[in-house]
Every structure is written in structure tokens, then in C-alpha cells.
Amino acid sequence: MKCGALFAGIGGFCAGFGSAGVPTSWAVELDTHASRTYAANFPEARLITRDVREVSVAGDNLEPVDILHAGFPCQSFSQAGERMGFNDPRGRLFFEVIRLIREFGDHRPPVLVLENAPFLRYGEGGAWFLELQNAIRKAGYWFRPENSAELNAFQLTELPQQRIRLFMVAFSTHHFRSGRFSFPAKNNPSPKNLEEYIDFESEKSDEYYLPADNRYSKMIMQSVTEERRIYQLRKYLVRAKEPGVCPTLTANMGQGGHNVPFVMTRRGLRKLTEYECLRLQGFPSSFTFPDEVPRAHRYTQVGNSVTVPIANLIAKRIVEKMEEGGNGVTDRRVRVPA
């Protein structure tokens, strides 16, 4: 089995599915910096660095794949944003996923996996989700509200990050007799140990530390009660997270004060390094950033990424369903024969 990736980012989905035995055949990612990071860590995958609206199955000779995953842009569907939904050009990029599926014709991917903000389910009184559901169904897939679930990395994995995202899984009516799918159940492994992900002992480069006279430093220090704990700086306040808990890592945490997670160390107050954030997203220690990728973009890439262990759990469930044979798959070979 092989995957195709749209809006690949730095490869959170690809890493999770790859560790479940489903490598990536090809990936599409427009952002130059994210593409450099992706290429450095997934050299075996064919990377197309272009706007998805300019990509076509025939023109780009896209190989048919068994699973297509796409973490399409979530800004339009975020509860914290302007909530423009499909009226936002970024929101309408979802329909590029549907277009490419249709271009595969009879060779469309048997499985479609999507990821986005949880509020997509509820925006406009449920109209966003209904429009998405209808588009997936018309493209030839089993898909009901039960094919979506809000999954929390903190509850399902060993990661201490509280991160809830909406995942959707659809199955081709040509390959499957039903669209039934069991999402990973809440497991809540405990206790969580931040010291497995954050280096509280070693000194880091100067740029990670806040000077004592910095206005943000003064704000945070008023909330600091103990070391080995994460403090999240918001616009006008500081949140002291519970021991062993990391807040949701966001795409804007490298762009100033808003949403930046900090820790108190022996040397002083510092923000998490981009590599600590990678580990909190479940990326392996072998994952690296190319030197030419600026630090601010590294934080953005981590915050935009799919959490690797969650992707892995979903991948394992999908592989199990695809291997059920007579219990759910109409063609044991999965792909439609040429």
C-alpha cells in the first residue's frame, strides 16, 4: 500500500502512515520552507512544490495510491478565526482534494483521510460539515458524521500535548461494502513526563532566553511558581499549565509573544526550542530542519503539522480494515485493476 499527500506540510501524516507500513508515493506542498524540511526528511517521496490548484493527475503523472491524506488549511474553519468557511479562498481549497480524486476516475484512492479544526463540524450551524459531507459522497465515498472524530493527542498517546483536531476518514464505494470505521478510543496514558521532551538542564543559545527587562518576561515571571512546568503567553495574560501538560502548539508561536510556550530553567526564562516542539508533536529524533529554514518558519511548520502518533493510530486502523477481505473490502487487491 502507498499514500499520496496533499497539503503535506513537513510530513506529519506521512511520518505516521510510514511507521504503520504505508510509505508515501508523492506529496504536494506549496510553501517553500516547508517543502525544504519535507524533502530533507522524506527523500524517497516524490515532492511537488506547487499550488494544489495547478496540480493535475494527468499533467503531473500522479501514481494511483491506496490512501490519500490531506490536512487542508484550517484558518477558514477555526473558531478563533473569522469563520468564513467555504467563502474564504483558503477554505475552498478543500474542493481541490475532490477535484483530484475525480481526475483519478476508476483509480480513485480507496481511502480518504482529512484533518482540520474541530469547529468545521459546527460552523454555520453545521452547514460547513454538510457541504463537505455531500462533496465527499458525490465523489464516490461512504461518509457520515460518524466518519469524523475529534481526537486529543493527550488522551490517546504518550505525548503531554493537549491538542484536539478533527479527523475524517472516507471509504470508496467501489472498494468497500460499508464506510464503518472505528477511531482510536480514549486511552489517556499517564503519567506524562515533560522531561522526556523538554531539556530543563542544558543551556540553549542566547536567542531562546528572554532578557529580564523584557516586558513579556515581567508578565510571565508574575505567574511562575515552579520549574519544569510550561507557561503559555497569550496576548494579555499568561497561562500556567498543569504539571506534565503542554498546551496546543500553534503555527504563530514563532511570530512574537502570542501563544509562545515558555519554561523556567536555571539560567532563566526561555521559550521551547523548535526541536523540543517537534518531539512534542511526536516526530522522531532523526527528524531535522535544514539549516536554510529560518527558525520562525520552523515553529510555524511544527504548529501546522499533524501529530505523528495520532496519524499512526489512524493508519493502523485503516490498514486493518483494508485487510479485512470479505468483511469490508470488495477487492482484496484494493486497487482497481487496470
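Start at 1 with the first residue, then count along the sequence.
- Distance CD1/Ile318 to CG/Asp66: 11.0 Å, rounded to 0.5 Å.
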Apply side-chain contact (heavy atoms from CB on, under 4.5 Å) to the pair Trp142 and Ile136, showing each step before the final yes or no.
-> CA-CA 8 Å; Trp142 301 104; Ile136 293 174; over 6 Å; no
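- Under a 4.0 Å N-O distance rule, the pair Lys271/Glu276 does not qualify as a salt bridge.
- Other residues, nucleotides and ligands contribute more than 12 heavy atoms inside 6.0 Å of the CZ atom of Arg295.
- Relative ring orientation between Tyr275 and Phe289 is described as perpendicular, the plane-to-plane angle rising above 60° on a 0-90° scale split at 30° and 60°.
- Between the side chains of Thr37 and Gln301, a donor-acceptor pair is found at a separation under 3.5 Å.
- The minimum heavy-atom distance linking Ile98 with Ala135 is given by the pair CD1-O, 4.0 Å.
- Nearest approach of Pro247 to Lys241, heavy atoms of both residues: CD-CG, 3.7 Å.
- A salt bridge does not link Glu146 with Arg180: every distance from a Lys NZ or Arg NE/NH1/NH2 to an Asp or Glu carboxylate oxygen is 4.0 Å or more.
- Stacking of Lys192 on the aromatic ring of Phe154 is recorded, both the 6.0 Å distance cut-off and the 45° axial limit being met.
- Two different hydrophobic clusters hold Leu30 and Phe95 under the rule that ILVMFWY side chains link at heavy-atom gaps under 4.5 Å.
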How far apart are the C-alpha atoms of Phe262 and Tyr231, what are their side-chain angles, what is the distance that settles it, and do they pass the ring-ring contact (aromatic ring centres under 6.0 Å, His included) test?
-> CA-CA 5 Å; Phe262 287 86; Tyr231 298 87; 9.3 Å; no
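- Evaluated for a ring pair (Phe, Tyr, Trp, His ring centres under 6.0 Å) with Phe171, the options Phe176, Tyr141, Phe143 yield exactly one hit, Phe176.
- Using a cutoff of 4.0 Å between basic side-chain nitrogens and carboxylate oxygens, Arg121 and Glu150 are scored as salt-bridged.
- Cation-pi geometry between Arg317 and Phe183 is not met: the NZ or CZ atom fails to fall both under 6.0 Å from the ring centre and inside 45° of the normal.
- Minimum heavy-atom separation, Phe283 to Gly12: CZ-CA, 3.8 Å.
- Note on Phe287: it does not cluster hydrophobically with Val293, by side-chain heavy-atom contacts below 4.5 Å among ILVMFWY residues.
- Following chains of ILVMFWY side-chain contacts shorter than 4.5 Å, one cannot reach Leu166 starting from Leu130, and the two form parts of different hydrophobic clusters.
- Scanning all heavy atoms of the two residues, the minimum distance from Leu132 to Met168 falls at CD2-SD, 3.9 Å.
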Using the salt bridge (charged side-chain N to carboxylate O under 4.0 Å, His left out) rule, take Lys218 and Asp213 through it: C-alpha gap first, then chi angles, then the decisive distance, then the call.
-> CA-CA 7 Å; Lys218 295 177 181 178; Asp213 58 351; over 6 Å; no
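- A salt bridge links Arg50 and Asp60; the closest N-O separation between the charged side-chain nitrogens and carboxylate oxygens is under 4.0 Å.
- Residues Ile164 and Phe129 are members of separate hydrophobic clusters, defined by side-chain heavy-atom contacts under 4.5 angstrom among Ile, Leu, Val, Met, Phe, Trp and Tyr.
- For the pair Arg267 and Tyr209, the distance from NZ or CZ to the six-membered ring centre is under 6.0 Å and the angle to the ring normal is within 45 degrees.
- One finds a salt bridge joining Arg99 and Glu103 here, because a Lys/Arg side-chain nitrogen approaches an Asp/Glu carboxylate oxygen to under 4.0 Å.
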Evaluate the criterion side-chain contact (heavy atoms from CB on, under 4.5 Å) for residue pair Phe86 and Phe77; output intermediate values, then yes/no.
-> CA-CA 8 Å; Phe86 294 112; Phe77 308 104; 3.7 Å; yes
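- Ring geometry for Phe119 versus Trp128: interplanar angle over 60°, hence perpendicular rather than tilted (30 to 60°).
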